[in-house]
Amino acid sequence: MIRTRFAPSPTGFLHVGGLRTALYNYLFAQHSNGKFLLRIEDTDQKRRVEGAEESLLNTLKLVGLDYDEGPYKEGPHAPYIQSQRTDIYRKYAQELIEKEVAYPCFCTTERLEEMRNKQQELKQAPMYDRACLKLTKEEIEAKKAANEPFVIRQKIPRGEKLRLNDLIRGIVVFETSTLDDQVLMKSDNFPTYHLANVVDDHLMEISHVIRGEEWLPSTPKHIMLYKALGWEPPQFAHIPLLLNKDKSKLSKRQGDVSVESYLEKGYLVPALINFIALLGWHPGKGEEQEIFTMEELVNKFDLAQVHKAGAIFDTDKLDWFNFQWGKKLHFKELEKIAKEIDPDVKIEENQRKEPVHTFSNADNERMFSQKRGEILLAKCEKHLKPQWTEKPETKAVLLKAIVTIEEKILKNPSEAQAHLECFFNPKDAAKALILNEKMKVDEAVTATALSEGLKALKDFDGWDSINKLQTLLLNLAKELNLKNGQLLWPLRVALSGEEFSPGTFEMLWALGKDESLKRINRSLQKTPREA
RNA sequence: GGUCCCAUCGUCUAGUGGCCCAGGACGCCACCCUCUCACGGUGGAAACACGGGUUCGACUCCCGUUGGGACUGCCA
């Protein structure tokens, strides 16, 4: 039975590196029909952060990493919070002393510090000098009786070779003489990671310990503890680190590392998972697919394909994943509501692989467009000026305008405001902007385009359809013997007042007849006809 | 300093001795589409750290060098 665990320390928000560790544990367990457990490692009273545990649990839930056993869930090995298991660790610490693979140490922090400084100066490896190992039973009892605080240290044998077969790194050999006598129990009677982790992983029947590479150097100590207690060690898989741009271990100081903050910024859960999964793992076999659902990841995941080298956490690619997933999810949602509105709707893909919805009547199409606006609005509402969404008349325009900038919202919702500005705060079109040499738009062309455009639009009654507006103006351009751009550019700039904006047909449609004619008219007044 | 880990385009990576004068993706650049921006399409620049072996043949195996990283806490 495969059993894995994620064992975070509740000292803050869930870190993206932690998310990846959790994800690999989850994927591996799911892939092999095993169990994934969550255990809270809160043995350091000093680093306790209020609310961190809740936030951790909450984020894990948000990203869909549900655990089979863990806090607030029934499980055969409860409790899953280490601070509630201290009796267990004390018992095993005692057992280790009795087996003489651990010993009490009364050295003060000051003495240890002094010792290390000296060793550093002599360019020696800082290691505990085993002063307390020489204590007799009587001396130990006397110190205990005098209430001297003490820790329990692991007694590492000297001159032995320890082989570890890591699932990712292969065989790693350690010389035990280079290993320090690790503290197992602190003077506050709480265990350190090293003891608690070994005891719990054994008791909770963890088969595979999948954890960050930073643990590799202490793994031989852990293996010795398993052996000393007569236990079979689990399999180890040390996954590579996530790195800052300068290749150091990913840290808060060099950018955003909390999963919550990425979620808050609007990154989609499947995009984040997709991105993180591929940082240090690849399905291999020449696979060129990049977009994977959680289900596909579970199917394809394999520890043998996890890399050895660290990966830089570079969010450029995350932005791309987010855009891909944004489109995918959005189009799926549109399909659903289109079918709800009109069971006979025809959905075809255009050349860009975007869905085109053809409805059986104009009412359905209108309703769909409105719904589409509402969906898009929900994606960017928090970035918009509230006055646009509050007034009914501006809201109607907004729901249309927002559809015209769909791909921009999908790409980056926080920029929606800037793209929508031209619908609500029209700037007078600067003459210099309308005239465009490259497009062959001079003053005469502008005057013709605006006045003829205005004339045609005045009597037009197809304002509810972008397609009809398009047909009208394209035909007009032909009649006037103008290139499309010569007619459409002046009109678009007259409508938006901007160099960049949604297209002419889209703007006309969203703005509606009255406002459109007003804007074109105003530009026309200001643009002198050629003499 | 010591111990351990690692090393293919700027980044994420494919590659398990001949399929590779190295493939994909992001980013970048150019062109196309086009009423602008964007979207989309096509193309381009861009990497096996170095030196020795082993082999008929090395990105792939071995050794060394160099470089990077982690650990070296009564933190995890």
Side-chain angles (χ1 to χ4, degrees), chain A residues 7-9 11 41-44 46-47 105 107-109 112-113 116 119-127 149-153 166 169 172-175 177-180 182-188 190 192-194 196-197 212-220 238 240-241 243 245-249 275 278-290 307-314 316-321 323 327 350-354 405-408 410-411 419 433 436 439 441 473 477 483-493 496 498-505:
Chain A
S9 191
T11 54
E41 309 223 325
D42 57 345
T43 55
D44 188 357
K46 294 187 288 292
R47 292 215 307 166
C105 166
C107 293
T108 61
T109 317
L112 292 172
E113 214 168 288
R116 282 190 199 111
Q119 289 166 333
Q120 296 268 25
E121 272 170 40
L122 295 168
K123 302 242 178 213
Q124 290 173 344
M127 277 231 262
F150 67 98
V151 302
I152 295 173
R153 282 184 188 274
D166 188 273
R169 278 147 225 287
V172 184
V173 182
F174 295 87
E175 161 63 50
S177 305
T178 65
L179 269 22
D180 199 4
Q182 193 60 242
V183 171
L184 299 176
M185 288 295 279
K186 300 179 250 189
S187 58
D188 63 1
F190 275 84
T192 61
Y193 172 90
H194 305 282
N197 195 266
E213 193 190 344
E214 70 267 30
W215 293 108
L216 191 55
S218 48
T219 305
H238 288 95
L241 260 18
L243 273 21
K245 281 212 163 60
D246 68 359
K247 300 204 174 198
S248 58
K249 186 171 158 184
F275 172 64
L278 258 13
L279 241 37
W281 171 81
H282 187 278
K285 303 179 186 80
E287 177 69 80
E288 288 188 353
Q289 184 180 334
E290 300 266 348
H307 308 148
K308 295 175 180 173
I312 294 175
F313 185 76
D314 180 358
D316 270 359
K317 200 159 185 174
L318 172 59
D319 289 338
W320 178 78
F321 274 115
F323 182 51
K327 281 198 288 194
N350 64 12
Q351 285 178 329
R352 294 174 181 183
K353 301 205 167 171
E354 294 161 349
I405 61 160
E406 184 169 62
E407 78 277 0
K408 282 167 176 125
L410 259 16
K411 187 120 200 193
H419 293 297
L433 201 57
N436 188 319
M439 217 101 63
V441 174
L473 292 177
K483 293 176 120 182
N484 290 344
Q486 289 178 303
L487 174 65
L488 298 175
W489 172 271
L491 282 173
R492 190 186 63 75
V493 177
S496 68
E498 298 283 357
E499 187 181 4
F500 312 128
S501 78
T504 310
F505 318 126

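None of the values given here were measured: they were computed from a predicted structure. Below, chains carry the letters A, B, ... as their sequence lines are ordered, and counting in each starts from 1. Because only heavy atoms are used, hydrogens play no part in the values below, and waters and symmetry mates are left out as well, while side chains stay in.
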A:Leu122 atom CG is separated from B:U72 atom P, nearest whole Å, by 21 Å

For the pair A:Val493 and A:Glu498, evaluate side chain to side chain contact (heavy atoms under 4.5 Å, CB included) and give the outcome as yes or no after the intermediate values. CA-CA 6 Å; A:Val493 177; A:Glu498 298 283 357; over 6 Å; no

From CD of A:Glu214 across to C1' of B:G69 the rounded distance in Å is 12 Å

Heavy-atom contacts, protein to nucleotides 7-13 of chain B, under 4.0 Å, summarised as B (base), S (sugar-phosphate only) or - (none) per nt, yield S---SBS

The Watson-Crick or G-U wobble partner of B:C33, with both key distances under 3.5 Å, is none

Hey, can you tell me if A:Phe321 and A:Phe275 have their rings parallel, tilted or perpendicular (30° and 60° cut-offs)? tilted

Using Watson-Crick geometry (N1-N3 plus N6-O4 or O6-N4) or G-U wobble (N1-O2, O6-N3), each under 3.5 Å, B:C56 is paired with B:G18

In this structure, CG of A:Leu122 is separated from CD of A:Gln119 (nearest 0.5 Å) by 8.5 Å

- Would A:Lys317 and A:Glu290 pass as an ion pair if we require N to O under 4.0 Å? yes

Problem - Sidechain-backbone polar pair: A:Asp180 side chain, A:Gln182 backbone, donor-acceptor under 3.5 Å - result: no

Taking B:C75, B:U72, B:U3 as options, the one with an atom nearest any side-chain atom of A:Pro126 is B:U72

Atom OH of A:Tyr193 and atom C1' of B:C71 are separated, to the nearest Å, by 13 Å

Across every strand shown, the nucleotide meeting Watson-Crick or G-U wobble geometry with B:G64 (both distances under 3.5 Å) is B:C50

Side-chain contact check for A:Trp320: nearest option of B:C75, B:A25, B:C74 is B:A25

Picking from B:A70, B:A25, B:C5, the nucleotide nearest the side-chain atoms of A:Val172 would be B:C5

Separation of B:G73 atom P from A:Glu113 atom CD, nearest Å, is 11 Å

Exercise for review: Mind checking A:Lys186 for me? I need base, sugar-phosphate or nothing, with any heavy atom below 4.0 Å counting as a touch.
Suggested key: base

**Request:** Rounded to whole angstrom, note down the P distance from B:A38 over to B:A22.
**Result:** 32 Å

When rounded to whole Å, the CD to C1' distance for the pair A:Gln124 and B:U3 reads 15 Å

> Taking A:Arg492 for the side chain and A:Glu499 for the main chain, is one N or O donor matched with an acceptor at less than 3.5 Å?
Replying inline: yes

In whole angstroms, the gap separating P of B:U3 from CD of A:Gln120 amounts to 15 Å

Report yes if at least one side-chain N or O of A:Lys249 is closer than 4.0 Å to OP1 or OP2 of B:C71; otherwise report no. yes

Quick note, A:Val151 side chain, CB onward, closest among B:A76, B:C74, B:U3 is B:C74

From NZ of A:Lys46 across to P of B:C74 the rounded distance in Å is 9 Å

From CZ of A:Arg47 across to P of B:A76 the rounded distance in Å is 7 Å

Paired to B:C71 by Watson-Crick or G-U wobble criteria (both distances under 3.5 Å) is B:G2

Paired to B:A25 by Watson-Crick or G-U wobble criteria (both distances under 3.5 Å) is B:U11

Rounded to whole angstrom, note down the C1' distance from B:C35 over to B:C29.
25 Å

**Asked** For atom C1', what is the distance between B:U54 and B:C61, given to the nearest Å?
**Response** 8 Å

Reading nucleotides 35-43 of chain B from 5' to 3' and marking B where a protein heavy atom lies under 4.0 Å of the base, S where only the sugar-phosphate is that close, and - otherwise, the string is BBBBBS---

Distance check, P atoms only: B:G68 and B:C75, in whole angstrom units. 31 Å

dist A:Tyr193:OH -> A:Thr43:OG1 (nearest 0.5 Å) comes out at 10.0 Å

Is it true that a side-chain atom of A:Thr219 and a backbone atom of A:Trp215 form a donor plus acceptor pair closer than 3.5 Å?
yes

For this session: Taking atom C1' in both B:C56 and B:G64, compute the distance separating them and give it to the nearest angstrom.
Result: 26 Å

- prompt: Are any side-chain N or O atoms of A:Asp166 and backbone N or O atoms of A:His238, one a donor and one an acceptor, separated by less than 3.5 Å?
  reply: yes

Against the side chain of A:Leu216, the closest entry in B:C71, B:C4, B:A76 is B:C4

